[in-house]
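Heads up: the structure comes next, in structure tokens.
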Amino acid sequence: MTAPIETAVADRAARSNTELLPLYRQMRRVRTFEERVGELFVRGQSAGSMLHLSIGEEAAAVGVASLMQEGDTFTTHHRGHGIFLARGADPKRMMAEIGGKEEGYCRGKGGSMHIADMGLGHLGANAIVGGGIPAVVGAGLASKRAGKGAISVAFFGDGAMQQGILYESMNMAALWDLPVVFVCINNQYGMGTRIEQATKGRALHERGLAFGLNAETVDGLDVREVRAAATRVIDAARGGTPGFLAIECYRFYGHARMDKSPYRSAEDEEQGRAKDPVQFARAALIEMGEADSTHLDALDQEIAAEMDATIDFTIAASEPPLNSMFRDVYAPGEPEPEAVAARIDRILARE
Amino acid sequence: MVQMTYRDALKQALRDAMTEDDSVVVIGEEVGRYGGAYGVTKGLYEEFGAARMIDTPISEPAIIGAAVGAAMSGLRPVAELMYVDFIGMTMDQLGNQAAKIRYMFGGQIGVPMVLRTQGGTGRSAGAQHSQSLEAYVLHTPGLRLVMPATVSDAYHLLRQSLRQPDPVVFIEHKALYTLKEEVDLSAPPPAWGKAAVRRTGDDLVIVTYSRQVHHALKAAEELSKQGLEATVIDLRCLNPLDFDTVRQHVERVGRVMVVSEGVMTAGVGAELSARIHEECFDFLAEPVIRLCGEDIPISVSVDLEANSVPTSQAVQQVAARLLAERSAA
């Protein structure tokens, strides 16, 4: 529950001990993956019109996800590609899901906003602002009962800070001492509404404190600082003290694919994009002598090739068979809903 | 066979399920120390403790949301919504999350939770504590919907709901809690989703569920005195819906009334009527008659409330008129 300024000093001391290169690598993978997502459309794919990129938020995704362990679970908002990738997702299957293909994580039914993977504890991305938050309370209840130290993390944006369900969930998590963490990735915008236009109280972690959570705010520029703050909050959560972490970022691009951000100025964007966690880490690596630019260029190219391959994989992947449409409404073995055409055929053929 | 109230049968079902399966937990407002607003869970807190009878703050959306997360994490939660009237508060967690998770995630996981709630008129409880909102649920693919009318079904269908792989909305009727009937707790449970034919007659089919089953049976007894014999079908589950049983009797009899306490427009009665018309058209001697709740909110006034929904007298009168058309024809 320390204030951000006081902890900054301690964070800087911790920096030299943090392995920055693997964190940089993950952030670059997130950045490059997000840059490739739009290419699906350029190459003629039409599925998945709702695309929300997390460019600018890489340190938040990687800083927190790098601390998650097997058995931990999480939910994300609609801008969750980076979190899932940082948690260990296969970018090919992610891209295939975004493109609505059978080889995707959800067999093409979920897409960008409903991607999930039980194997990695991803209880689902959500297209309802705040919609995925209370699930971590239930997962926390189950985890507390199981007693194996697993945590459940809800990731959401600053838009969800104005949704009631967040407060109901934070209250329950605190009340029941659940191993749960609420992570607000504050990218300053809920669609086209800047946070100043959405709320008066912008020290977001104070809301966590008000509910009795272990809460802090951290700047999202330096992944090491994010990781240090997340370590404090997550370690406490594993011990049964739920937490809240707000990470201050800037959404580099529009809300979604077609949004050209008419609600903000070029100066604002320029200033915001100057706060680039990927470039910052790269410069830090060079400055500290942990890597030189040749090495990092090679790494970046390797990642570019990895992410290029996700597009080829998705283009080559198959469309889900039409008859899968009625599958998984209910459990396997349950009768599938009758198709409209089948019902009409049955009715009109009754003579 | 034992004599038991609907309320105690529900409690027994919870107790037996919790004894049998350690993953069953009950979560909701006043479910523990208070014993449930209608007393259904009274005593279970003492038996199973606070970790399995989880009292919550007044936060309906998060109660259902937490149940969703718990169900995805190996528990089998019974979330209690004190009144079905509060379902609008929870509709995102129920309709967008619980109902769609299996589908959106390509079949990776289901949400085996039961949402227990109660609805209906009969206590002069006003417009926000007396509704019959089952159509909200029925309109959402992915949600099972159970509405028991008898003590035996209260027990057996709740037990069965707790064995389902998908989310079940289990709506009790507040006027039935004190209903006392014989129940065989050890009997094999009815086939899941199967309607019960409570009475068989050749003149008219009454398709109904929940408390209206009792009104329909009472009306059928009165009609019988006039020599008119009705079949009464208690659907018990609205999803899955046992339309085969409905079809079988409609085709045999040709005259049908659908009785529901919910408001008429776009309600369960509308759905049943549409299906019967489509699927049994050639067998119908008369249009399907819907006898449903009026398209109005429920009043606190006892008279206004009672006349807002079908009564057994209304069922009887409408049935008699429908059958009078037959003799006139």
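So you know, we letter chains A, B, ... as the sequences are listed, proteins then strands, and number each from 1.
Within 6.0 Å of CE on A/Met118 lie more than 12 heavy atoms contributed by other residues, nucleotides or ligands. Surrounding CZ of B/Phe86 are more than 12 heavy atoms belonging to other residues, nucleotides or ligands, all under 6.0 Å away. Under a cut-off of 6.0 angstrom, the local environment of NZ in A/Lys92 is sparse, with at most 12 non-hydrogen atoms contributed by other residues, nucleotides or ligands. Within a 6.0 Å sphere centred on CD of A/Glu338, other residues, nucleotides and ligands contribute more than 12 heavy atoms. For B/Gln128, the CD atom is loosely surrounded, since the number of other residues' heavy atoms within 6.0 Å does not exceed 12.
For A/Glu334 and B/Arg102, the salt-bridge test fails: no basic side-chain N is under 4.0 Å from an acidic carboxylate O.
Of the listed residues B/Ala67, B/Pro240, B/Pro77, B/Gly107, the one with more heavy-atom pairs under 4.5 angstrom with chain A than any other is B/Gly107. Top candidate by heavy-atom pairs under 4.5 Å with chain A, chosen from B/Val25, B/Asp92, B/Ile101, B/Asn96, is B/Asp92. Comparing A/Ser152, A/Ser169, A/Ser143, A/Gly131 by how many heavy-atom pairs each has under 4.5 Å with chain B, the most go to A/Gly131. Options A/Gly164, A/Gly110, A/Ala331 differ in how many heavy-atom pairs under 4.5 Å they form with chain B, and the most are formed by A/Ala331. Options B/Ser73, B/Pro165, B/Pro112, B/Ala62 differ in how many heavy-atom pairs under 4.5 Å they form with chain A, and the most are formed by B/Ala62. Chain A forms more heavy-atom pairs under 4.5 Å with one residue of B/Ala51, B/Ala70, B/Pro167 than with any other, namely B/Ala70. For the options A/Val137, A/Ile165, A/Ile128, heavy-atom pairs under 4.5 Å to chain B are most numerous at A/Ile128. Chosen from A/Arg343, A/Arg107, A/Glu97, A/Arg145, the residue pairing most often with chain B at heavy-atom distances under 4.5 Å is A/Arg145. With chain B as partner, the option from A/Ala142, A/Gly140, A/Ala125, A/Gly111 having the largest number of non-hydrogen pairs under 4.5 angstrom is A/Ala142. Ranked by non-hydrogen atom pairs under 4.5 Å with chain A, the options B/Gly110, B/Gly65, B/Ala99 are led by B/Gly65. Counting heavy-atom pairs under 4.5 Å between each of A/Thr75, A/Ile344, A/Asp117 and chain B puts A/Asp117 at the top.
Separating the NE2 atom in A/His114 from the CD atom in B/Gln97 is a distance of 8.5 Å, to the nearest 0.5 Å. Atom CG of A/Leu123 sits about 7.0 Å away from atom CD1 of B/Ile109, to the nearest 0.5 Å. Separation of atoms CG (A/Asn126) and CE (B/Met104) is listed at 6.5 Å; rounding is to 0.5 Å. For the atom pair OG of B/Ser59 and CE of A/Met170, the computed distance is 12.0 Å after rounding to the nearest 0.5 Å. For the atom pair CD1 (B/Ile27) and CE (A/Met172), the distance works out to 6.0 Å, reported to the nearest 0.5 Å. We find the CD1-CG distance between B/Ile54 and A/Leu141 to be 5.0 Å, quoted to the nearest 0.5 Å.
Only the side chain of B/Gln164 comes within less than 4.5 Å of a heavy atom in chain A; its backbone stays farther off. Proximity to chain A (any heavy atom under 4.5 Å) is shown, for B/Ile58, by neither the backbone nor the side chain. Looking at A/Val329, the atoms closer than 4.5 Å to chain B (heavy atoms on both sides) sit in the backbone and in the side chain alike. There is no contact between B/Ile64 and chain A, counting heavy-atom distances below 4.5 Å. Residue contact with chain A, scored on non-hydrogen atoms closer than 4.5 Å, involves the backbone and the side chain of B/Asp22 alike.
A donor-acceptor pair under 3.5 Å links the side-chain atoms of A/Tyr330 to the main chain of B/Gly142, judged by distance alone. B/Glu278 places no side-chain N or O within donor-acceptor distance of the main-chain N or O of A/Ile347, the cut-off being under 3.5 Å.
With a 4.5 Å cut-off on side-chain heavy atoms, B/Glu60 and A/Glu168 do not count as touching. Contact of the B/Pro57 side chain with the A/Leu175 side chain is registered, since non-hydrogen atoms from C-beta on lie closer than 4.5 Å.
A cation-pi geometry, defined here as NZ or CZ lying under 6.0 Å from the six-membered ring centre and within 45° of its normal, holds between A/Lys109 and B/Tyr103.
Between the side chains of B/Gln108 and A/Asp328, no donor N or O sits under 3.5 Å from an acceptor N or O.
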